[in-house]
Amino acid sequence: MKKGLSATLALCSMLLMLLSLTLGPSKISLANTIAILTGQEVVGGNQGYIIWQLRLPRILASFFSGAILGCAGTVFQAALRNPMADPFILGISSGASFGVALALFIGIAPLLGFPLSALIGANLTTLFIVGMSLKRKSSDTTLLLTGVAVNYILSAAMTLLMFLHREQYQRILYWTLGSFSTSTYAQVIILSITFLLLFILLRANHQTMDMLLLDEASAHAGGLAVGKTRLLLLLAGSAASAICVSYFGVIGFIGLMAPHVTRLLVGPKHSRLLLPASLFGGFLLLASDTVARVMLPTGELPVGIITSLLGVPLFIYLLRKGRYRYG
């Protein structure tokens with residue numbers, strides 16, 4: 001199972017993509033979908049447009065976003081030695097979202113752009129959380145709780161901005177709930193490059209991430225600069241997560257679920273964990289977005305609602321079982 005898990009997840013993801021292409025208000029049969037993808041003519045002139053321009057970029061965007069969040073969740077859990085850590089719970093996603101909302105509020109969003117605004121917000125949040133822990137020499141659990149507190153503060157600040165800037169209410173609300181309805185191929189390209197860069201970086205440092213799972217004294221004895229390494233890895237994961245948030249809003253718990261479930265199947269070594277965790281994250285978010293898209297007879301649910309319904313029970317389970325740290 002360990003050796004074939006990545007191949008199985010990749011195959012399941014491709015099958016889910018094909019199924020998702022057929023689902024939606026415009027009923028397109030599986031046969032017509034395959035015909036359109038292979039360049040054949042089908043009856044119904046707009047079916048090709050629906051497949052190529054509306055559904056496919058959304059499907060690819062949700063998959064690569066999930067892969068990024070799964071990868072980022074893996075590095076967060078390693079860096080903090082805590083299987084409950086992920087960009088959403090720690091407030092990194094909220095920091096990115098707040099960066100975009102604040103840029104809209106003060107009118108510099110056209111100058112900075114959404115991705116840069118989100119990147120600044122996410123990395124400043126990361127630096128604040130890590131800086132607080134270093135200043136007080138906090139434990140890894142305290143660091144996680146600091147992130148949770150920051151998440152609440154930023155959520156309150158987002159609510160305040162929505163109240164003060166009512167003409168941007170809908171746009172700000174969009175980032176708090178998450179949606180792939182505006183996905184484009186340009187975004188898919190950026191997401192795929194972001195994922196590849198993050199994955200290559202983490203794969204090259206998989207032994208370093210393994211050492212971070214040890215207690216700090218053992219990691220130092222092995223020659224690892226724990227504080228510097230932890231900060232650099234967290235900043236890399238935060239930056240990648242910020243790209244997703246800048247395009248599609250805050251999407252919670254994928255970074256918690258994907259690494260945790262995959263770790264139960266392949267073990268904690270990151271040389272075996274990174275790829276299946278990324279693929280499972282992509283599968284989870286693609287499945288969540290598909291459900292969000294077809295659940296209502298008219299309109300669609302924000303995808304963040306679906307991922308929260310999946311992730312919160314796991315979060316509570318980890319709390320009840322005491323699975324909030326390694327070792």
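All figures in this text were calculated on a predicted structure; none of them were measured in a lab.
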Out of curiosity, does I34 fall in the hydrophobic cluster containing L54 (side-chain heavy atoms, cut-off under 4.5 Å, transitive links)?
yes

Return yes if some donor-acceptor pair links the side-chain N/O of T262 with the main-chain N/O of P259 below 3.5 Å, else return no.
no

Please say yes or no: joined through hydrophobic side-chain contacts below 4.5 Å, possibly via intermediate residues, are Y49 and I59 part of one cluster?
yes

Below 3.5 Å, can you tabulate the donor-acceptor pairs from side chains in residues 189-197 to any protein atom, sequence neighbours excluded?
| unit_1 | atom_1 | unit_2 | atom_2 | d |
| --- | --- | --- | --- | --- |
| S192 | OG | V188 | O | 3.2 |
| S192 | OG | I189 | O | 2.7 |
| T194 | OG1 | I190 | O | 2.8 |

Just by modelled atom types, is the S93 backbone N or O under 3.5 Å from a matching donor or acceptor in the S97 side chain?
no

Is there any salt bridge (Lys or Arg N to Asp or Glu O under 4.0 Å) pair reaching into residues 49-74, and which pairs are they, with sequence neighbours excluded?
R58-D289, R58-E300

When clusters are formed by joining ILVMFWY residues with side-chain heavy atoms under 4.5 Å apart, either directly or through shared neighbours, do V148 and I251 land in the same one?
yes

Side-chain (N205) to main-chain (L201) donor-acceptor, under 3.5 angstrom:
yes

Do any N or O atoms from the side chain of T22 and from the backbone of L19 form a donor-acceptor pair under 3.5 angstrom?
yes

Tell me whether N151 contacts the main-chain N or O of F88 through its side chain, where contact means a donor paired with an acceptor under 3.5 Å.
yes

Between the main-chain N or O of G252 and the side-chain N or O of T307, is there a donor-acceptor pair closer than 3.5 Å?
yes

Nearest heavy-atom contact between T182 and Q187 is O-OE1, 3.6 Å

Keeping D86 on the side-chain end and F76 on the backbone end, is there a donor-acceptor pair under 3.5 Å?
no

Where the side chain of Q77 meets the backbone of T74, is there a donor-acceptor pair that is under 3.5 Å apart?
no

Using the rule side-chain contact (heavy atoms from CB on, under 4.5 Å), only one of L310, L309, I89, L314 pairs with F253; which is it?
I89

CE-CG distance between M257 and L69, expressed to the nearest 0.5 angstrom
10.0 Å

Are L16 and I68 connected in a single hydrophobic cluster, I mean Ile/Leu/Val/Met/Phe/Trp/Tyr linked by side-chain heavy atoms less than 4.5 Å apart?
yes

Would a hydrophobic clustering, with Ile, Leu, Val, Met, Phe, Trp and Tyr connected at side-chain separations under 4.5 Å, put F64 with M14?
no

Quick one: does R81's side chain have a donor or acceptor within less than 3.5 Å of a partner on L214's backbone?
yes

For R293, salt bridge (charged side-chain N to carboxylate O under 4.0 Å, His left out) partners two or more places apart
none

